[in-house]
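Atom set for the values below is all heavy atoms of this structure, side chains included, hydrogens, waters and symmetry mates excluded.
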Amino acid sequence: MQFDASDSVAFLLPGATVLDAMTITASHLSHRYGATLALDDLTLEVASGEVCCLLGPNGAGKSTTINCLLGFLTPTSGFAAISGVRVDHDPLQARTRLAYIPENVMLYPYFTGRENLAFFSELAGHRYSTAELDALLVQTGLGRDDIERRVGGYSKGMRQKVGIAIALAKRATALLLDEPTSGLDPKASNEFSRLLLDLRAQGTAI
């Protein structure tokens, strides 16, 4: 696969220098599960407004990398940092600057899109008016008629949009996505890609 430089793809450079200005940093990151080396000396930098794709087969260490960045795993060696905050030193502070969207966004099915967004926003310490919540959901491409519908009736693409709205409401500087377009039809996948380009233009590291 070829990447154009204008697409702002960050490549993995051996021996790259860790810069405090980088939004997402992995420095010589390694992790073992017992005798199994799942992640071997990964150095990675993603700046504000940059999109980085981790490509590799199952077992290559992609999920392990994400879990180290989230602070769910403690690296065997090296460290991860979000906007200059080392995850191993202050995982809670690092997570305030980070939003994570898994392959299947888990929302409360009996809540509406707005109610889910309000709930998760308050968990992150942010309270918004109804108009502000609706504006965030519309910004991600959710139809106004869908905002007050229960999420249990949403398609996967619609749930992904609510997940992005939650990330926006959290005011995260970095966004981690795990297989974000898996299971989406071509139209929903294109809409999701356009949304990511908008976030990149706003300075989010993805």
- Task: Report yes or no: does Ser193 contribute a side-chain atom to a donor-acceptor pair with the main-chain N or O of Ser189 at less than 3.5 Å?
- Result: yes

- Between the main-chain N or O of Gly163 and the side-chain N or O of Arg159, is there a donor-acceptor pair closer than 3.5 Å? no

- CD1 on Ile147 to CZ on Arg144, rounded to 0.5 Å: 6.0 Å

- Query: Hey, quick one: are Leu54 and Leu37 part of the same hydrophobic cluster, counting side-chain heavy atoms closer than 4.5 Å, chains of contacts allowed?
  - Reply: no

- Query: Is the backbone N or O of Arg32 less than 3.5 Å from a side-chain atom of Thr76, with the two atoms forming a donor-acceptor pair by type?
  - Reply: yes

- Task: Check Val105 against Ile101 and note the closest heavy-atom contact, atom names and distance.
- Result: CG2-CG2, 3.5 Å

- Message: Are Leu197 and Leu195 linked, directly or through intermediate hydrophobic residues, by side-chain heavy-atom contacts shorter than 4.5 Å (ILVMFWY only)?
- Response: no

- Item | More than 12 heavy atoms of other groups within 6.0 Å of Arg86 CZ | yes

- Query: Donor-acceptor pair, Glu115 side chain versus Thr112 backbone, under 3.5 Å?
  - Reply: yes

- Nearest heavy-atom approach of Leu133 to Ala118 is CD1-CB, 3.6 Å

Side-chain donor-acceptor pairs under 3.5 Å in residues 169-177, sequence neighbours left out?
residue	atom	partner	partner atom	Å
Lys170	NZ	Arg95	O	2.8
Lys170	NZ	Leu98	O	2.5
Arg171	NE	Tyr128	OH	3.3
Thr173	OG1	Ser83	OG	2.9
Thr173	OG1	Arg97	O	3.1

- Message: If you count heavy atoms of other groups shown closer than 6.0 angstrom to OH of Tyr108, is the number above 12?
- Response: no

- Task: Give a yes or no on whether a salt bridge exists between Glu50 and Arg200, defined as a side-chain N under 4.0 angstrom from a carboxylate O.
- Result: no

- Can you check whether Phe79's main-chain N or O pairs, donor with acceptor, with His28's side chain at less than 3.5 Å? no

- Message: Main chain of Asp41, side chain of Ser30: is a donor-acceptor contact present, judged purely on distance under 3.5 Å?
- Response: yes

